[in-house]
Q: 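Starting off with a structure, shown below.
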Amino acid sequence: MADSRTLRNGELLGNAQYHTWEKKEKLNFPELDVVSFPLSKDGGGMLYKYPLYLIYLFFFSLFKINKNHVCVCMDLDTFVPIWLGSFFKKTVLIFDVVDPASQARFKKFPFPRLIDRVESFFIGKSHLAMFPHDCRVSYYADMLGRPLLHRQVLIVENMPSFSYDNDVQPIGPIADAPKLVIGYFGTLDGSRGLDLLLSFAVDHAEEIDVVVAGDGPLRTYVEQVSTDSTNVSFLGRYTASQLSGLYARIHFSWMYYDPRFSLHRYAAPNKFYEHLCFHVPVLTNNVIPQSTFVSEQRTGIVIDHIDHPLLENGRIKSELLSVMRAYVPGPSLGAYWAMHCSNYYSSISSVLRASVLEIKQ
């Protein structure tokens with residue numbers, strides 16, 4: 001439930017019960033019907049808690065799930081026991097493949113292609129497979145050398161389920177700013193180019209400010225840089241309701257993905273839709289599929305574009321400063337969200353519910 005997509009799935013289907021093994025979720029969402037696994041995920045003991053949780057899911061599906069239910073699983077290891085326990089019940093099983101298991105839950109395991117093969121098999125056993133982007137469907141074809149075979153596939157993109165807050169005053173135009181402000185709001189880990197961004201900030205303290213919010217393995221590093229540098233601010237963790245205010249503070253949003261991670265070629269970032277929702281241009285790179293849109297629609301700057309690369313020897317060139325100053329947004333930055341995204345979830349909910357009814361017939 002920490003994943004916003006979990007909540008979104010429940011909202012799309014309506015009248016949902018959420019099953020989790022994190023007891024804090026029941027406290028964090030008192031208005032929702034949350035069932036927690038008795039053994040908390042926190043506090044260690046995962047060697048016995050994890051298999052017990054999988055056994056619990058099997059027996060839960062065996063005795064509690066029936067043919068009238070629709071069950072959404074968001075991980076390979078939770079889908080398998082649910083599928084086994086409800087095998088003969090004609091329960092509608094939806095496999096929401098948020099991330100390939102070999103690149104997420106089991107990324108430290110050897111033989112990733114074997115894991116992809118196993119996951120591909122069980123995707124085929126679900127009644128409906130959901131993906132956050134059509135490039136994620138291509139992932140299995142690219143890795144396994146054959147297309148993903150499935151009766152029904154539904155793309156449910158990682159679109160924010162909030163809207164622009166008109167009461168928030170944006171920072172103002174780039175041309176009038178004495179210093180440009182770049183923001184990063186998300187997971188603080190080594191795959192998002194935070195070292196690139198913060199090194200660039202330290203080298204150009206007179207020209208730019210950087211605002212960072214979030215949590216993750218690099219939190220201590222970000223905190224230290226913000227302590228040592230007057231032009232770097234760290235705001236700690238944030239909630240979705242604060243995003244409108246955070247984006248109002250910045251001229252550009254940092255949406256860099258380390259090209260050394262193969263999964264990033266199939267990325268489905270929330271930040272792509274956030275920058276359209278809040279009308280803030282992005283600084284991104286061409287490893288992600290969305291960079292083509294950013295470049296063609298001028299909703300940001302692709303810093304490693306083949307025609308005008310702004311990266312050299314693992315550092316951002318100073319030339320980026322003048323490119324940001326000269327940036328002129330395309331019309332899509334201000335209009336795309338209202339035209340294509342504002343009613344997305346109401347329409348996708350209708351499609352999903354119609355698919356479920358068709359499966360049940």
Q: For the residue pair His275 and Phe278, is the inter-centroid distance of their aromatic rings smaller than 6.0 Å?
A: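 Ring-ring flag for His275/Phe278: false, centres at least 6.0 Å apart.
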
Q: Under 3.5 Å, side chain of Thr299 to main-chain N/O of Ser295, donor-acceptor pair present?
A: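 Flag not set: sc Thr299 to bb Ser295 has no pair under 3.5 Å.
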
Q: For residues Glu319 and His308, determine if any side-chain heavy atom of one lies less than 4.5 Å from a side-chain heavy atom of the other.
A: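 In short, these two side chains touch, coming nearer than 4.5 Å.
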
Q: Considering all heavy atoms of both residues, which atom of Pro81 and which atom of Asp77 are nearest to each other, and what is their separation?
A: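 Distance-wise, the nearest heavy atoms are CD-O, 3.0 Å.
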
Q: Verify the distance criterion only: is there a donor paired with an acceptor across the side chains of Tyr140 and Glu119 at less than 3.5 Å?
A: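 Side chains of Tyr140 and Glu119: pair found under 3.5 Å.
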
Q: Side chains of Leu7 and Leu32, heavy atoms from C-beta outward: is any pair under 4.5 Å?
A: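 Yes, their side chains come closer than 4.5 Å.
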
Q: Determine yes or no for a side-chain-to-main-chain donor-acceptor pair under 3.5 angstrom, with Thr284 supplying the side chain and Met255 the backbone.
A: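 Yes; at least one donor-acceptor contact below 3.5 Å.
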
Q: Would you check if Phe261 and Val287 make a side-chain contact, meaning some heavy-atom pair closer than 4.5 Å?
A: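 Contact flag for Phe261/Val287 side chains = no.
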
Q: Examine distances only and state if a side-chain atom of Ser61 and a backbone atom of Phe58 form a donor-acceptor pair shorter than 3.5 Å.
A: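 Yes; judged by distance alone, with no hydrogens or angles, the pair exists.
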
Q: May I ask you to decide if the ring planes of Phe122 and Trp83 are parallel, tilted or perpendicular, using 30° and 60° as cut-offs?
A: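 Rings of Phe122 and Trp83: perpendicular, as their planes differ by over 60°.
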
Q: Using only atom types and a distance under 3.5 Å, with no angle test, would you say the side chain of Ser120 pairs donor to acceptor with the backbone of Arg117?
A: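 Judged by distance alone, no pair lies under 3.5 Å.
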
Q: How far does CD1 of Ile316 sit from CG of Leu283, to the nearest 0.5 angstrom?
A: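 That separation rounds to 7.5 Å.
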
Q: Quick check: does any side chain N or O of Thr91 sit under 3.5 Å from a backbone N or O of Asn66, one acting as donor and the other as acceptor?
A: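 Between the backbone of Asn66 and the side chain of Thr91 there is a qualifying donor-acceptor contact (under 3.5 Å).
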
Q: To check you understand the geometry: which heavy-atom pair defines the closest contact between Pro281 and His279, and what is its length?
A: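 It is CD-O, 4.0 Å.
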
Q: Is the side chain of His305 donor-acceptor paired with the backbone N or O of Asp307 at a distance under 3.5 Å, no angle test?
A: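 At least one qualifying donor-acceptor pair exists.
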
Q: For residues 177-191, tabulate all N or O donor-acceptor pairs below 3.5 Å that involve a side-chain atom, not counting sequence neighbours.
A:
residue	atom	partner	partner atom	Å
Lys179	NZ	Ala205	O	2.9
Lys179	NZ	Asp209	OD1	2.7
Tyr184	OH	Thr187	N	3.3
Tyr184	OH	Thr187	O	2.4
Asp189	OD1	Ser191	N	3.0
Asp189	OD1	Ser191	OG	2.7

Q: Could you please spell out the steps behind the ring pair (Phe, Tyr, Trp, His ring centres under 6.0 Å) verdict for Phe131 and Tyr139?
A: CA-CA 11 Å; Phe131 295 87; Tyr139 168 86; 9.8 Å; no

Q: Among side-chain atoms of Asp142 and Tyr266, is any donor-acceptor pair under 3.5 angstrom?
A: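 Short answer, yes.
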
Q: In the structure I gave you, are the side-chain heavy atoms of Glu296 and Thr292 within less than 4.5 Å of one another anywhere?
A: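 When only atoms from C-beta onward are counted, Thr292 and Glu296 do touch, with a gap below 4.5 Å.
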
Q: Does Arg265 use its side chain to pair, donor to acceptor, with the backbone of Pro289 at less than 3.5 Å?
A: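 No, because the side chain of Arg265 does not come within donor-acceptor range (under 3.5 Å) of the backbone of Pro289.
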
Q: Is a side-chain donor or acceptor of Arg8 paired with a backbone partner of Met159 at a separation under 3.5 angstrom?
A: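 Yes, the answer is positive, given that a donor and an acceptor are paired below the 3.5 Å cut-off.
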
Q: Is a side-chain donor or acceptor of Arg113 paired with a backbone partner of Leu144 at a separation under 3.5 angstrom?
A: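 Pair absent, no side-chain N/O of Arg113 close to backbone of Leu144.
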
Q: Can you name the nearest heavy-atom pair linking Tyr221 to Leu194, along with the distance?
A: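 Nearest pair, atom of Tyr221 first, then Leu194: OH-O, 4.5 Å.
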
Q: Around Asn15, counting heavy atoms of other residues, nucleotides and ligands shown, do more than 12 lie under 6.0 Å from its CG?
A: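 Check fails, neighbour count at 12 or below.
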
Q: Give a yes or no on whether the backbone of Asp304 and the side-chain of Asn286 come within a donor-acceptor separation of less than 3.5 Å.
A: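 Yes; judged by distance alone, with no hydrogens or angles, the pair exists.
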
Q: Under a 3.5 Å threshold, yes or no: a donor from one side chain and an acceptor from the other, between Glu274 and Tyr247?
A: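 Yes, a side-chain donor-acceptor pair sits under 3.5 Å.
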
Q: Do Tyr238 and Asp215 pair up side chain to side chain, a donor and an acceptor below 3.5 Å, judged on atom types alone?
A: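 Looking only at side-chain atoms, Asp215 and Tyr238 do not form any donor-acceptor pair under 3.5 Å.
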
Q: Between Arg192 and Asp258, is the closest basic N to carboxylate O distance under 4.0 Å?
A: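 Looking at Arg192 together with Asp258, the answer is no, because their closest N to O distance does not fall below 4.0 Å.
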
Q: Describe, in one word, how the ring planes of Phe200 and His204 are oriented to each other, choosing from parallel (under 30°), tilted (30 to 60°) and perpendicular (over 60°).
A: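 Rings of Phe200 and His204: tilted, as their planes differ by 30° to 60°.
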
Q: Check for me whether the distance between the ring centres of His19 and Phe60 falls short of 6.0 Å.
A: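 Ring-ring flag for His19/Phe60: true, centres closer than 6.0 Å.
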
Q: Is Asp203 paired with Arg315 through a side-chain N to carboxylate O contact shorter than 4.0 Å?
A: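 Yes, charged N to carboxylate O under 4.0 Å.
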
